[in-house]
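This report concerns only the one structure given below.
Index from 1, following the sequence.
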Amino acid sequence: MSSASVTTTSGSAFAADALPFTDLAVSDQRPFEIRDGAVFLRGSVSRSSGSRAFPARLVCHETGARDMEPMSFGPRGTLYSYSTVHVSSSRPTPYTIGYVDFDNGVRVLAQVEAGGETLGCDQPVELRADGARWFVSPIAAQGASA
């Protein structure tokens with residue numbers, strides 16, 4: 001029976017731009033913008049693969065291509081799943097987070113503010129903003145007062 005050999009490397013064979021690298025697009029802008037009263041998230045899309053990402057990325061997470069372009073997501077989406085957090089060491093509780101699917105193909109983890117409304121999976125939601133923060137809220141049913 002032979003013993004397995006262990007090979008160690010120094011990493012010197014890798015190019016200067018090898019991993020780890022920063023793939024988030026650094027910006028001094030907020031991660032959202034408001035156009036005509038509607039809130040949109042600032043993300044990106046790969047020219048070659050069509051892969052979409054939020055927040056904006058420099059590198060496609062599917063192919064590694066460095067061909068990401070700006071793309072907006074929102075203002076409406078569908079609540080895929082959600083959970084209410086009751087224990088946190090960093091922020092007041094309870095609060096609700098959820099995954100939101102936007103029509104143009106990205107799923108985002110967002111804070112959900114329901115204002116007493118009952119939440120449910122597959123529920124339509126809308127992006128909102130308050131100062132420097134963004135969140136989603138259920139879309140009021142037609143005929144309901146806002």
Donor-acceptor pairs are to be reported for all side-chain atoms of residues 98-108 against protein atoms at under 3.5 Å, with residues two or more places apart or in another chain.
| residue | atom | partner | partner atom | Å |
| --- | --- | --- | --- | --- |
| D101 | OD1 | R107 | NE | 2.6 |
| D101 | OD1 | R107 | NH2 | 3.4 |
| D101 | OD2 | R107 | NH2 | 3.1 |
| N104 | ND2 | S72 | O | 2.9 |

How far apart are the closest heavy atoms of G74 and L127, and which atoms are they?
-> CA-CD1, 3.9 Å

How far apart are the closest heavy atoms of F40 and P75, and which atoms are they?
-> CE2-CD, 3.4 Å

Distance (rounded to the nearest 0.5 Å) between R47 CZ and E69 CD = 4.5 Å

Would one find more than 12 heavy atoms of other residues, nucleotides or ligands at under 6.0 Å from atom OH of Y80?
-> no

Side-chain heavy atoms of S46 within contact of D67, under 4.5 Å = yes

Do the side chains of V45 and R52 get nearer than 4.5 Å, heavy atoms only?
-> yes

Is there a side-chain contact between R42 and P55 (heavy atoms, below 4.5 Å)?
-> no

Report the C-alpha distance between V112 and V125 in whole Å, list the side-chain angles of each, state the deciding distance to 0.1 Å, and finish with yes or no for side-chain contact (heavy atoms from CB on, under 4.5 Å).
-> CA-CA 9 Å; V112 180; V125 293; 5.5 Å; no

Say you draw a straight line from OH of Y95 to CD of E113; how long is it, rounded to the nearest 0.5 Å?
-> 12.5 Å

Cluster check F54, V39: I/L/V/M/F/W/Y, side chain < 4.5 angstrom | yes

Between the SG atom in C60 and the CZ atom in R66, the distance rounded to the nearest 0.5 Å is 12.0 Å

State, to 0.1 Å, how close S44 and M68 come at their nearest heavy-atom pair, and which atoms those are.
-> OG-CE, 3.2 Å

Hey, is the main chain of V87 close enough, under 3.5 Å, to the side chain of T93 for a donor-acceptor pair?
-> no

Indicate if V136 and I34 have the same hydrophobic cluster label, given that clusters are the connected sets of ILVMFWY residues with side-chain heavy-atom separations under 4.5 angstrom.
-> yes

Can you find a heavy atom in the side chain of P124 that is under 4.5 Å from one in the side chain of R76?
-> no

Do T78 and D122 have a side chain donor and acceptor closer than 3.5 Å?
-> no

Show the numbers, then the answer: is there a ring pair (Phe, Tyr, Trp, His ring centres under 6.0 Å) between F73 and W134?
-> CA-CA 13 Å; F73 304 107; W134 63 272; over 10 Å; no

What residues form a salt bridge (Lys or Arg N to Asp or Glu O under 4.0 Å) with R128, not counting sequence neighbours?
-> E126

Taking all heavy atoms of P138 and all of Q123, pick out the closest pair and write down the distance.
-> CB-NE2, 3.6 Å

Give, for atom CZ of R30 and atom CG of L41, the distance between the pair rounded to the nearest 0.5 Å.
-> 12.0 Å

